[in-house]
Engineer: 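Sharing a structure below in structure tokens format, with a few things to ask.
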2 protein chains.
Amino acid sequence: MPAGSDLFLRMAWQRMGPSIADVAKLAGVGKGTVSRVLNGRPGVSEQTAAKVRQAIRQLGYTPNVQARRLAQNKSDLICFVLSNRDFLHEFHSLVLKGVESYCSKVGRDLVFALWRYPLDGNLASVVPPRIIANRGSVDGAILAGANHIECVKAISKLGVPCVAFGNNLIGCTYLSEVDSVWYDEQPGTREAIRYLASLGHRHIRFAANISLPWFARNYRAYSEAMLDFGLAPALIAVNDTTDYVEIGERAVQELLDSGEPTTAIFAGNDVVAVSVIRALARRGLKVPRDISVVGFDDSPRCIECDPKLTSVHVPKEALGAECARFLIEKISAPGRVSGARVVSTHLVVRESCAPPRQTS
Amino acid sequence: MPAGSDLFLRMAWQRMGPSIADVAKLAGVGKGTVSRVLNGRPGVSEQTAAKVRQAIRQLGYTPNVQARRLAQNKSDLICFVLSNRDFLHEFHSLVLKGVESYCSKVGRDLVFALWRYPLDGNLASVVPPRIIANRGSVDGAILAGANHIECVKAISKLGVPCVAFGNNLIGCTYLSEVDSVWYDEQPGTREAIRYLASLGHRHIRFAANISLPWFARNYRAYSEAMLDFGLAPALIAVNDTTDYVEIGERAVQELLDSGEPTTAIFAGNDVVAVSVIRALARRGLKVPRDISVVGFDDSPRCIECDPKLTSVHVPKEALGAECARFLIEKISAPGRVSGARVVSTHLVVRESCAPPRQTS
DNA sequence: CTGTTAGCGCTTTCAA
DNA sequence: TTGAAAGCGCTAACAG
């Protein structure tokens, strides 16, 4: 690689702009001084600082990020890892948005990576995303999507600071098993049950595949809330498929077959809820006239369907922002922060619930 | 910063792993040789290569990306810029997925950035995303979302290789005005019209806000196809709102108010189409019995609604992959490739169309 | 085939 | 308050 301390030559040789040395020479100061000005560090007289700034402007100088990163041994890059998801659905899109906002506010950039591996907890064949494995590539990682807890631990052990999205963790037995951010399904679920009860409902059933941990957590919150209001929890389990639309359809079928009295259905999430409403409609049952439905997530489809869906709101952007904040704290104070952080949920009332039909 | 050529000291001092020098010393070779082995460059005997690999394994060495980037003056990073969008909707999620697949296949990582600016073409107050402006941060950029053509040109002029998503470009007068990738609405639109015509439809109306360039392009494709099939194009324009749901509702209202004979509606996109179906249903009109509807995009909601929506498929992942391929070609052969690239569209038939109702 | 050396552009002592 | 100089870890040209 040619040396070329001459600015013009270097520019001609490759699109490599002026360097700090060029600025220093033009301003008639040392490189160190330019660096100090650049980083707003104290100990430079206003007079020289002005000279330096003038030179910077004149040359159209911008610092070379790579060089700075090498010298400081950091990257200012955060990696957003989406694990075991086909693509960014609305939920994680909004989480990503929250992460992005926070990062750009604190001057960090965001690397996006997908990661796929079998979720059975067998780490033997799992390799971390290349960008994480490459030392120095990123300062830390946010593990979103669905992760197995052992994989999160493995990344941590690599020495990469990381924070995981809690609710989709597989094999996690307690909140703070790894550094993570969760949404707390309890407050919103409680509100939903209270709301349905106040409408007069007593037979509220929960529909989902509770072999999936996030649905299992929702179900637990539902059960506790039901008991607190003196109602009997009842589950419509469709545990042999992970296709949300199918879960909804099959739940309705099972419900009607069983003949159990039911005036409201609490769906595991909005997709299931919408599917339930459609399946009900196909059988001539109208929501909320004949039966009430509440969803979970508060996704955009809540207002795109008819009737508009009452749903438990999950603050996805706040969740993302919290992940980013937590991670950056970990990065800047290694070993000083850890545990789980939680954001709350609440009910958003729309049109899909009504008092139970009087069965005279 | 302490020197520390001693491995142990350096590791204790900071989590900075072994360097190429440590490997060289352990293997009893020079740094250059290690570098050659690392990069699979020829000119190393298998014997020494084995020694080096052994040393690498023994030390658990991984190359420092930043140092390599500085030395080679490149970042191996591609920036995916989402412009003027609140967040990643399904469409761009899939584009991003396509970009990610391609990039990870060729060993490049992906930086995600949001960019907001007024779309009126007034560049005065527009600043490029920081990551783009920072020299050396990324090797190139994919400009997705909705961009004003002048902003794309401005980024190019910065010396950053870039490729834009064409269909959402504002102020673009011809395909190859900037390096871009487009989906071609013609083939799919033509198929849709042919299909409706073969079903017996003659009164097919297009519903959208054609002040939005993407809808305008769809409308033009629709018009041409109609004329080719000897049919008269007819537009239901709702040009005073950009809310797709509202466009659908208002289009139906306008259609019914006008009393014009209409047996099929070609919606500007799927959201408009679904909204049209719902608005129709509220007025007692059933799709496809009373009227046929076709959408555009082929988004996931096509199979989540009832009836399932017949729609023109846009190959979003392929589009993203093409953006990435194009950009990487530009990066590796500066000035040698340019222009516009196009991916095709096709019709996906589902349940929302039927022969027109016999109005006896 | 291989070791040595001179950078890449920036930060950070250290001495003045 | 400042300049000089020694790195950061790697690549690439050059000499052997």
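A, B, ... follow the sequence lines: proteins, then strands. Residue 1 opens every chain. Worth knowing before you read on, the calculation uses all heavy atoms, side chains too, and leaves out hydrogens, waters and symmetry mates. All values derive from a computational prediction rather than experimental measurement.
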Engineer: Students often get this wrong, so: under 4.0 angstrom with heavy atoms, is A/R69 touching a base, only sugar-phosphate, or nothing?
Structural biologist: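 Nothing, no nucleic acid heavy atom in range.
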
Engineer: When the distance from CZ of B/R41 to C1' of D/dC10 is rounded to whole Å, what number comes out?
Structural biologist: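 Spelled out: CZ on B/R41 to C1' on D/dC10 is 11 Å.
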
Engineer: Has B/D179 got a side-chain atom pairing as donor or acceptor with B/S176's backbone, closer than 3.5 angstrom?
Structural biologist: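 A pair under 3.5 Å: no.
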
Engineer: Given C/dT12, D/dC8, C/dC10, which nucleotide is nearest the side-chain atoms of A/Q72?
Structural biologist: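 The answer is C/dT12.
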
Engineer: Counting side-chain heavy atoms from CB outward, which of D/dC14, C/dC10, D/dT11 is closest to B/N39?
Structural biologist: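 Nearest listed nucleotide: D/dT11.
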
Engineer: Give a yes/no answer on whether the side chain of A/R68 brings an N or O atom under 4.0 Å of OP1 or OP2 in D/dC8.
Structural biologist: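 It does not, given that no N or O in the side chain of A/R68 lies less than 4.0 Å from OP1 or OP2 of D/dC8.
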
Engineer: For D/dT11, does either OP1 or OP2 sit under 4.0 Å from a side-chain N or O belonging to B/S35?
Structural biologist: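 For B/S35, the contact criterion (side-chain N or O under 4.0 Å from OP1 or OP2 of D/dT11) is met.
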
Engineer: If I take atom CG in residue B/L70 and atom P in nucleotide C/dT11, what distance separates them, rounded to the nearest angstrom?
Structural biologist: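 Distance check: B/L70 CG to C/dT11 P gives 12 Å.
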
Engineer: Could you check A/K31 against B/G32 and say which one's nearest nucleotide on DNA chain C is further toward the 5' end?
Structural biologist: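 First, find each residue's nearest nucleotide; the 5'-ward one identifies B/G32.
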
Engineer: What's the shortest heavy-atom distance between B/V160 and B/A141, and which atoms?
Structural biologist: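 Distance-wise, the nearest heavy atoms are CG1-N, 4.3 Å.
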
Engineer: Taking for each residue the nucleotide of DNA chain D bearing the nearest heavy atom, is the 5' side occupied by B/T33 or by A/G28?
Structural biologist: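 Mapping each residue to its closest nucleotide by heavy atoms, the 5'-most match is A/G28.
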
Engineer: Provide, to the nearest angstrom, the distance between the NZ atom belonging to A/K25 and the C1' atom belonging to D/dA4.
Structural biologist: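 A/K25 atom NZ is separated from D/dA4 atom C1' by 16 Å.
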
Engineer: Output the single nucleotide from D/dC10, C/dT11, C/dC10 whose closest atom is nearest the side chain of B/Y61.
Structural biologist: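 Given the options D/dC10, C/dT11, C/dC10, the side chain of B/Y61 is closest to D/dC10.
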
Engineer: Starting at atom NZ of A/K74, determine the distance to atom P of C/dC10, rounded to an integer number of angstrom.
Structural biologist: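 Nearest whole value for this atom pair: 15 Å.
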
Engineer: Are B/E322 and B/R325 close enough for a salt bridge, meaning some N to O gap below 4.0 Å?
Structural biologist: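 Looking at B/R325 together with B/E322, the answer is yes, because their closest N to O distance falls below 4.0 Å.
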
Engineer: Please list, in numerical order, the residues of residues 42-55 of chain B that have a heavy atom closer than 4.0 Å to any atom of DNA chain D.
Structural biologist: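 By residue number: none to list.
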
Engineer: Using a strict cut-off of less than 4.0 Å between a Lys/Arg side-chain nitrogen and an Asp/Glu carboxylate oxygen, indicate whether B/D139 and B/K330 qualify as a salt bridge.
Structural biologist: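 Judged by the 4.0 Å cut-off on N to carboxylate O distance, B/D139 and B/K330 do not form a salt bridge.
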
Engineer: Could you work out which one of D/dC10, D/dA13, D/dA4 sits closest to the side chain of B/R36?
Structural biologist: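 Out of D/dC10, D/dA13, D/dA4, the nucleotide with an atom closest to B/R36's side chain is D/dA13.
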
Engineer: With a 4.5 Å heavy-atom cut-off, do B/K31 and B/V34 have their side chains touching?
Structural biologist: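 SC-SC contact between B/K31 and B/V34 ruled out.
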
Engineer: Taking B/Y117 for the side chain and B/H148 for the main chain, is one N or O donor matched with an acceptor at less than 3.5 Å?
Structural biologist: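 Between the backbone of B/H148 and the side chain of B/Y117 there is a qualifying donor-acceptor contact (under 3.5 Å).
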
Engineer: In terms of side-chain geometry, is the basic nitrogen of A/K153 or A/E177 positioned less than 4.0 Å from the acidic oxygen of its partner?
Structural biologist: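 So A/K153 pairs with A/E177 through a salt bridge.
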
Engineer: Just checking B/V29: base, sugar-phosphate only, or nothing, at a heavy-atom cut-off of under 4.0 Å?
Structural biologist: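 Sugar-phosphate: the residue B/V29, judged by heavy atoms under 4.0 Å, touches backbone atoms but no base.
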
Engineer: Atom CG of A/N73 and atom P of C/dT11: how far apart are they, to the nearest Å?
Structural biologist: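 About 14 Å, once rounded to whole Å.
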
